[in-house]
Asks: 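Please find one structure pasted underneath; my questions will follow.
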Amino acid sequence: MDNMNSDFLSDYRQAAETHRQVRQWAQKNIKPGQTLTEIANGIEDSVRRLVGHNGLSEGDAMIAGMGFPTGLNLDDIAAHFSPNAGDKTILSEKNVMKVDIGVHVNGRIVDSAFTMSFDPMYDNLLAAVKDATNTGVREAGIDVRLGELGGLIQEAMESYECEINGTTYPIKAIRNLAGHTILPYSIHGSKSVPLVKTDDTTKMEEGDVFAIETFGSTGNGWVDDRGDVSHYALRSDAPKVDLRLSSAKSLLNTIKKNFGTIPFCRRYLDRLGQEKYLLGLNHLVKSGIVEDYPPLVDKKGSYTAQYEHVSFFISRYRRIYQY
């Protein structure tokens with residue numbers, strides 16, 4: 001297979017080993033009382049140090065580094081939150097935090113996530129989602145239909161309930177989130193792994209790289225865009241637009257040279273020395289050149305959890321997992 005050559009596997013192995021070390025460091029060192037900014041910087045600095053690219057010189061972050069902004073999603077926020085400059089949020093003992101980390105080497109992205117809580121009250125929520133993700137990984141394989149796999153994930157997750165402060169909540173799969181294929185320099189490919197049973201007859205195929213991720217909730221099992229945006233990415237199908245705003249032109253040049261189509265956040269622009277870029281960034285979003293990804297949030301007062309691993313389908317008889 002041409003896309004499963006030695007460079008492909010070598011890049012993924014380096015990214016996966018970096019992810020494993022950073023994940024273990026994070027699970028050991030993240031504690032209540034830390035700010036989300038401290039936590040994010042600690043994770044991202046560790047990734048950059050291990051891959052040997054600090055991302056500060058032009059184009060360096062395109063060689064190896066963060067595969068997307070570190071997600072630190074508290075409670076009802078399921079995904080796509082990373083602290084912007086000035087964020088003072090402090091992790092508390094009552095929070096349920098999803099930690100979503102992406103590492104890339106030469107555009108080969110390893111995407112894996114886990115959930116942290118510091119109160120055993122939430123244990124069943126975490127157990128439900130971990131079981132669902134492990135079910136998805138176990139049952140995945142060449143020729144497996146994605147809609148049927150979603151049904152197995154849903155069955156595992158929704159067999160759990162969780163008692164929180166005296167009220168028992170059924171754990172619901174979040175219906176409008178999904179796992180996905182990963183492409184070079186692109187975190188979301190064209191195939192999706194639903195978290196509930198669907199009629200999708202698309203099959204997993206030889207050569208696919210899948211992020212098997214599941215999300216569970218004590219709320220509606222449905223998320224909406226809500227809150228300040230931190231995540232952005234240059235669209236691979238970006239239209240040719242005559243940008244009349246000079247700050248937008250300059251920023252677009254910076255994004256292309258330093259990130260390409262790899263997602264980035266405002267903190268990554270800050271560390272490159274970019275200033276007063278929000279007007280230009282919003283102009284790029286409105287022009288359809290850059291996509292913004294607001295936080296994905298279930299109903300207020302609910303709790304969500306996430307677990308995620310990557311599977312590589314090399315052939316019918318060989319598969320590599322990243323745990």
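All values below come from the heavy atoms of this structure, side chains included, with hydrogens, waters and symmetry mates left out. A quick note: this is a predicted structure, and the numbers were derived from the prediction, not measured.
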Asks: Counting neighbours of CG on D199 that are heavy atoms of other residues, nucleotides or ligands and sit closer than 6.0 Å, is the number greater than 12?
Replies: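 Incorrect, the count does not exceed 12.
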Asks: Quick check: does any side chain N or O of Y268 sit under 3.5 Å from a backbone N or O of G55, one acting as donor and the other as acceptor?
Replies: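 The answer is no, because no donor-acceptor pair under 3.5 Å joins these two groups.
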Asks: Provide the full list of ring-ring contact (aromatic ring centres under 6.0 Å, His included) pairs with a residue in residues 126-150, sequence neighbours left out, each pair given once.
Replies: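 Every pair satisfying ring-ring contact (aromatic ring centres under 6.0 Å, His included) with a residue in residues 126-150: there are none.
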Asks: Listing request: all side chain to side chain donor-acceptor pair (under 3.5 Å) pairs with a residue in residues 159-168, at least two apart in sequence or in separate chains.
Replies: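 Applying side chain to side chain donor-acceptor pair (under 3.5 Å) to every pair that reaches into residues 159-168, excluding sequence neighbours, yields D131-Y160.
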Asks: Taking atom types as modelled, is there a side-chain donor on Q27 or R23 under 3.5 Å from an acceptor on the other?
Replies: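 No, R23 and Q27 have no side-chain donor paired with an acceptor closer than 3.5 Å.
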Asks: After noting the C-alpha distance and the side-chain angles of V310 and V209, does the key distance pass the side chain to side chain contact (heavy atoms under 4.5 Å, CB included) rule?
Replies: CA-CA 7 Å; V310 171; V209 179; 3.8 Å; yes
Asks: Going by ring pair (Phe, Tyr, Trp, His ring centres under 6.0 Å), name the residues that satisfy it together with F259, two or more places apart in sequence or in a different chain.
Replies: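 Once residues adjacent in sequence are excluded, the partners of F259 under the ring pair (Phe, Tyr, Trp, His ring centres under 6.0 Å) criterion are F264.
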Asks: Begin from the C-alpha positions of T304 and F215 and carry the test side chain to side chain contact (heavy atoms under 4.5 Å, CB included) through to its verdict.
Replies: CA-CA 7 Å; T304 60; F215 297 82; 5.9 Å; no
Asks: Does a side-chain heavy-atom distance below 4.5 Å link E158 with K172?
Replies: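 Yes, side chains in contact.
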Asks: Could you please spell out the steps behind the side chain to side chain contact (heavy atoms under 4.5 Å, CB included) verdict for H104 and Y185?
Replies: CA-CA 8 Å; H104 92 90; Y185 289 101; 4.2 Å; yes
Asks: Does the T18 side chain pair with the main chain of V47, one donor and one acceptor, at a distance under 3.5 Å?
Replies: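 A pair under 3.5 Å: no.
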Asks: Under 3.5 Å, side chain of D208 to main-chain N/O of E205, donor-acceptor pair present?
Replies: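 Yes: the side chain of D208 pairs with the backbone of E205.
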Asks: Answer yes if the side chains of T133 and T214 hold a donor-acceptor pair under 3.5 Å, and no otherwise.
Replies: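 Checked: T133/T214 side chains pair up, N/O donor to acceptor below 3.5 Å.
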Asks: Do we see a donor-acceptor contact under 3.5 Å between the side chains of K276 and S247?
Replies: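 No, S247 and K276 have no side-chain donor paired with an acceptor closer than 3.5 Å.
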Asks: With side chains defined as the heavy atoms from C-beta onward, is the minimum distance between I153 and V193 less than 4.5 Å?
Replies: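 Heavy-atom side-chain distance check passes, below 4.5 Å.
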Asks: Pairs of donor and acceptor atoms involving the side chains of residues 282-290, under 3.5 Å and at least two apart or interchain, shall be tabulated with distances.
Replies:
residue: N282; atom: ND2; partner: L278; partner atom: O; Å: 3.3
residue: S287; atom: OG; partner: H283; partner atom: O; Å: 2.8

Asks: Can you tell me how far the CG atom of L243 sits from the CG atom of L245, to the nearest 0.5 Å?
Replies: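 If I round to the nearest 0.5 Å, the distance is 8.0 Å.
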Asks: May I ask whether V22 and L36 are part of the same hydrophobic cluster, defined by side-chain heavy atoms of I, L, V, M, F, W, Y residues being less than 4.5 angstrom apart, directly or through others?
Replies: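 Yes: a chain of side-chain contacts under 4.5 Å links V22 to L36.
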Asks: Would a distance-only check, ignoring hydrogens and angles, find a side-chain to backbone donor-acceptor pair under 3.5 Å from D60 to N54?
Replies: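 Yes, because the side chain of D60 sits within donor-acceptor range (under 3.5 Å) of the backbone of N54.
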Asks: Any donor-acceptor pair under 3.5 Å linking the side chain of Y277 with the backbone of R266?
Replies: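 Yes, the answer is positive, given that a donor and an acceptor are paired below the 3.5 Å cut-off.
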Asks: Around E93, counting heavy atoms of other residues, nucleotides and ligands shown, do more than 12 lie under 6.0 Å from its CD?
Replies: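 Open.
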Asks: Kindly indicate whether the side chain of Q34, heavy atoms from C-beta on, has any atom under 4.5 Å from the side chain of I90.
Replies: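 Heavy-atom side-chain distance check fails, nothing below 4.5 Å.
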Asks: What's the separation between atom CG in L152 and atom CE in M157, rounded to the nearest 0.5 Å?
Replies: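 Answer rounded to 0.5 Å: 12.5 Å.
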Asks: Is there a donor-acceptor pair closer than 3.5 Å between any side-chain N or O of S302 and the backbone N or O of T218?
Replies: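 No: the side chain of S302 does not pair with the backbone of T218.
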Asks: Check whether T35 reaches the backbone of E38 with its side chain - one donor and one acceptor, N or O, closer than 3.5 Å.
Replies: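 Such a contact is found between T35 side chain and E38 backbone.
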Asks: Can you give me the closest heavy-atom contact between I174 and A78, atom names plus distance?
Replies: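 Heavy atoms of I174 and A78 come nearest at CD1-CB, 4.1 Å.
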Asks: Between P263 and I187, what is the shortest heavy-atom contact and its length?
Replies: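 In terms of heavy atoms, the two residues are closest at CG-CG2, 3.8 Å.
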Asks: I'd like to know if the side chain of R145 pairs up with that of T202 as donor and acceptor (distance under 3.5 Å, no hydrogens or angles considered).
Replies: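 Side chains of R145 and T202: no pair found under 3.5 Å.
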Asks: For I212 and A140, which heavy atoms make the closest approach, and how far apart are they?
Replies: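 Looks like CD1-CB, 4.4 Å.
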Asks: Output all residues satisfying side-chain contact (heavy atoms from CB on, under 4.5 Å) with K197, sequence neighbours left out; order by chain, then residue number.
Replies: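 Only E148, Q154 meet the side-chain contact (heavy atoms from CB on, under 4.5 Å) criterion with K197.
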Asks: Test of understanding: clusters of I, L, V, M, F, W, Y form through side-chain heavy atoms closer than 4.5 Å, transitively. Do V241 and Y232 belong to the same one?
Replies: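 Per the 4.5 Å side-chain linkage, V241 and Y232 are co-clustered.
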Asks: To the closest 0.5 Å, what do you measure between OG (S117) and NZ (K98)?
Replies: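 It is 10.0 Å, given to the nearest 0.5 Å.
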Asks: Please report the shortest heavy-atom distance between K191 and L146, naming the atom on each side.
Replies: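 Result for this residue pair: CB-CD1, 4.1 Å.
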Asks: For the residue pair I164 and L125, establish whether any side-chain heavy-atom pair is separated by less than 4.5 Å.
Replies: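 I164 vs L125: side chains apart.
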Asks: Do Y12 and L9 touch side chain to side chain, with heavy atoms closer than 4.5 Å?
Replies: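 They are not in contact (no side-chain heavy atoms under 4.5 Å apart), so the answer is no.
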Asks: Taking the six-membered ring of Y293 as reference, does the cationic atom of R235 (NZ for Lys, CZ for Arg) lie under 6.0 Å from its centre and within 45° of its axis?
Replies: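 Relative to the ring axis of Y293, which defines the angle, R235 lies outside at least one limit.
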Asks: Does the side chain of Q306 reach to within under 4.5 Å of the side chain of L177, using non-hydrogen atoms?
Replies: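 No, too far: nothing below the 4.5 Å cut-off.
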Asks: Answer yes or no: is there a side-chain heavy-atom contact under 4.5 Å between R271 and L56?
Replies: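 With C-beta onward as the side chain, the pair touches.
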Asks: Checking side-chain polar atoms at under 3.5 Å, does S217 have a donor or acceptor matched by the opposite partner on D298?
Replies: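 Short answer, yes.
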Asks: Measure from the side-chain N and O atoms of H19 to the backbone N and O of I101, and report whether any donor-acceptor pair falls under 3.5 Å.
Replies: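 Pair found, side chain donor or acceptor close to backbone of I101.
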Asks: Calculate, to the nearest 0.5 Å, the distance between atoms CG and CG belonging to L296 and D224 respectively.
Replies: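 Between L296 CG and D224 CG, I get 8.5 Å after rounding to 0.5 Å.
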Asks: Got a second to check how far L91's CG is from M116's CE, nearest 0.5 Å?
Replies: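 Here the rounded value is 7.5 Å.
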Asks: In terms of hydrophobic clustering (I, L, V, M, F, W, Y; side-chain heavy atoms under 4.5 Å; direct or indirect links), are W25 and V51 co-clustered?
Replies: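 The answer is yes; both residues are in one hydrophobic cluster.
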Asks: Has the side chain of T198 got a donor or acceptor atom that lies under 3.5 Å from a matching backbone atom of D200?
Replies: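 Checking the backbone N and O of D200 against the side chain of T198, a donor-acceptor pair under 3.5 Å is found.
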Asks: Working note: Y307 + E213, criterion side chain to side chain contact (heavy atoms under 4.5 Å, CB included); need CA distance, chi angles, decisive distance, verdict.
Replies: CA-CA 6 Å; Y307 284 90; E213 63 178 323; over 6 Å; no
Asks: Cluster question for you: counting only ILVMFWY and a side-chain heavy-atom cut-off of under 4.5 Å, with indirect links fine, are I171 and L126 together?
Replies: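 I171 clusters together with L126.
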Asks: On a heavy-atom basis, which atom in M62 and which in N258 lie closest, and how many Å separate them?
Replies: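 In this case the closest contact between M62 and N258 is CG-O, 3.5 Å.
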Asks: If two hydrophobic side chains count as joined below 4.5 Å and joins carry through other members, does I262 share a cluster with V103?
Replies: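 They do not share one cluster, since no chain of ILVMFWY contacts under 4.5 Å joins I262 to V103.
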Asks: Using atom types as modelled and distance alone, determine if a side-chain donor or acceptor of S250 lies under 3.5 Å from a backbone N or O of S246.
Replies: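 Absent.
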Asks: Could you state the interatomic distance from CE (M204) to CD (E139), rounded to the nearest 0.5 Å?
Replies: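 Here the interatomic distance stands at 10.5 Å.
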Asks: Heavy-atom distance under 4.5 Å between the side chains of T135 and L149, does that happen here?
Replies: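 A side-chain contact under 4.5 Å is absent here.
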Asks: Looking only at non-hydrogen atoms, find the nearest pair between V110 and A15 and report the distance.
Replies: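 Looks like CG2-CB, 3.7 Å.
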Asks: So for atom CG, which belongs to D228, do other residues, nucleotides or ligands contribute more than 12 heavy atoms lying within a distance under 6.0 Å?
Replies: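 It does not: D228 CG has 12 such atoms or fewer within range.
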Asks: Quick one: side chains of residues 66-77, donor-acceptor pairs under 3.5 Å with protein atoms, not counting sequence neighbours, listed by atom name and distance.
Replies:
residue: T70; atom: OG1; partner: E44; partner atom: OE2; Å: 2.9
residue: N73; atom: OD1; partner: H80; partner atom: N; Å: 3.3
residue: N73; atom: OD1; partner: F81; partner atom: N; Å: 2.8
residue: D75; atom: OD1; partner: V96; partner atom: N; Å: 2.8
residue: D75; atom: OD2; partner: N95; partner atom: ND2; Å: 2.9

Asks: Please determine whether salt bridge (Lys or Arg N to Asp or Glu O under 4.0 Å) holds for the pair D270 and R267, giving the CA-CA distance in whole Å, both sets of side-chain angles, and the decisive distance to 0.1 Å.
Replies: CA-CA 5 Å; D270 298 336; R267 283 183 298 104; over 6 Å; no
